[in-house]
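Note that these values count all heavy atoms, side chains included, but never hydrogens, waters or copies made by symmetry. Here the structure is a predicted model, which is why all the values come from computation and not from measurement.
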Amino acid sequence: MKLTDKAAVISYLSARSVIWPDCEGGCWEWMSYRERDGYGRFTAEGKPRYVHGEGFKAASGRRIPDGLTLDHLCQIKACWNPDHLSVVTRAENTRRARNAYWVRFMKENRAALNVVCKLGGSVIEPMAVTR
């Protein structure tokens, strides 16, 4: 597969991913080989490639400028949905990853969005626990 053939890249990655609907988070989650750290990998043109990097370039039509990297806003390292990826400096990516508040905020807000989608915008009151 040639990485310059964007349609072929998207087709290849999609066939090996679960494409979650927006109300389930909207992640395009790579289900094939993952590194120990959770990032999806595949081989193209004889070299190992990161799924999120090649998927981002193919799906968004944007390149990643030298010195910059992708931050997974959804906190799912196997996700390659370009709407969930932000082009940032390595320092910013590290700062965000080490900032527990940022990670928790992103996870909590995505979870809240999922619940709202599932319930059609309803708000749930916590149920009383009876013993």
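A donor-acceptor pair is defined here as one N or O able to donate and one able to accept, closer than 3.5 Å; no such pair exists between the side chain of Arg62 and the backbone of Ala58.
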Show your reasoning for whether salt bridge (Lys or Arg N to Asp or Glu O under 4.0 Å) applies to Glu29 and Arg34. CA-CA 11 Å; Glu29 190 173 355; Arg34 296 184 195 188; 3.1 Å; yes
Run Asp71 and Leu85 through side chain to side chain contact (heavy atoms under 4.5 Å, CB included) and show every step you take. CA-CA 5 Å; Asp71 182 23; Leu85 300 169; over 6 Å; no
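Closest heavy-atom contact between Cys27 and Ile76: SG-CG1, 3.8 Å. The two residues Asn81 and Asp83 have their closest heavy-atom pair at OD1-N, 2.9 Å. The shortest heavy-atom contact between Arg63 and Lys57 is CA-CG, 4.2 Å.
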Would you tabulate the side-chain donor-acceptor contacts of residues 36-44 under 3.5 Å, counting partners in other chains and residues two or more places apart, or write 'none'?
unit_1: Asp37; atom_1: OD1; unit_2: Tyr39; atom_2: N; d: 3.3
unit_1: Arg41; atom_1: NH1; unit_2: Tyr50; atom_2: OH; d: 3.3

Distance-only donor-acceptor hits, side chain of residues 86-93, under 3.5 Å, sequence neighbours excluded:
unit_1: Thr89; atom_1: OG1; unit_2: Glu92; atom_2: N; d: 3.0
unit_1: Glu92; atom_1: OE1; unit_2: Arg95; atom_2: NE; d: 2.9
unit_1: Glu92; atom_1: OE1; unit_2: Arg95; atom_2: NH2; d: 3.1
unit_1: Glu92; atom_1: OE2; unit_2: Arg95; atom_2: NH2; d: 2.6
unit_1: Glu92; atom_1: OE2; unit_2: Arg96; atom_2: NE; d: 2.9

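Atoms OG and NZ, on Ser11 and Lys6 in that order, are 14.5 Å from each other to the nearest 0.5 Å. Annotation: the span from Glu54 atom CD to Glu45 atom CD amounts to 8.0 Å, rounded to 0.5 Å. Rounded to the nearest 0.5 angstrom, Ser14 OG and Ile19 CD1 are separated by 4.5 Å.
Neither Phe56 nor Leu13 shares a network with the other; the hydrophobic side chains, linked directly or stepwise wherever heavy atoms of I, L, V, M, F, W or Y lie under 4.5 Å apart, form separate groups for each. Cluster membership check: Val51 shares its hydrophobic cluster with Tyr12, using side-chain heavy-atom separations under 4.5 Å among Ile, Leu, Val, Met, Phe, Trp and Tyr. Taken together through direct or relayed side-chain contacts under 4.5 Å among Ile, Leu, Val, Met, Phe, Trp and Tyr, Met31 and Trp20 form part of one hydrophobic cluster. A continuous path of hydrophobic side-chain contacts links Trp28 to Val9 [ILVMFWY only; heavy atoms under 4.5 Å].
Inter-residue side-chain proximity for Arg49 and Leu3 is flagged as met; some heavy-atom pair is nearer than 4.5 Å. Here the side chains of Cys79 and His52 are not in contact, with every heavy-atom distance at 4.5 Å or above.
With 3.5 Å as the limit, one finds a donor-acceptor pair spanning the side chains of Ser17 and Trp80.
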